[in-house]
Amino acid sequence: FYGTWYTGEKVWALHDKLVKVGAAWQVLLFLFALEIPFIQKAVDGTLDGTGDYGFDPLSLKSDRRAVTEIKNGRLAMIAFGGM
């Protein structure tokens, strides 16, 4: 399948082919479905900017853990910038 469908195609032409086939719309709708909880929080005004969707089956959420995650993210950005 991979060899026959992509044979002779340029990278920038693949986008047009995916749109024509309909696969790009499927991906776009799937990603939109994943964003629905974020959109609902934004509309309700309860968006706190942390990306928390309320999924915590093990009850691991705490203020200390949130600060640790923020520090970890900042350290990762500094490390990436220094590379």
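One is the number of the first residue; the rest follow in order along the sequence.
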Once side-chain contact (heavy atoms from CB on, under 4.5 Å) is applied, do any residues pair with A24, and if so which ones, sequence neighbours excluded? L18, V19
side-chain contact (heavy atoms from CB on, under 4.5 Å) against I36, all qualifying residues, sequence neighbours excluded: F32, Q40
Gap between atom CE of M77 and atom CZ of R74 - 0.5 Å precision: 7.0 Å
Once you round to the nearest 0.5 Å, how far does CG of D44 lie from CD1 of I39? 12.0 Å
Got a second to check how far R65's CZ is from N72's CG, nearest 0.5 Å? 10.0 Å
Only counting residues at least two apart or in another chain, list the ones meeting side-chain contact (heavy atoms from CB on, under 4.5 Å) with L75. none
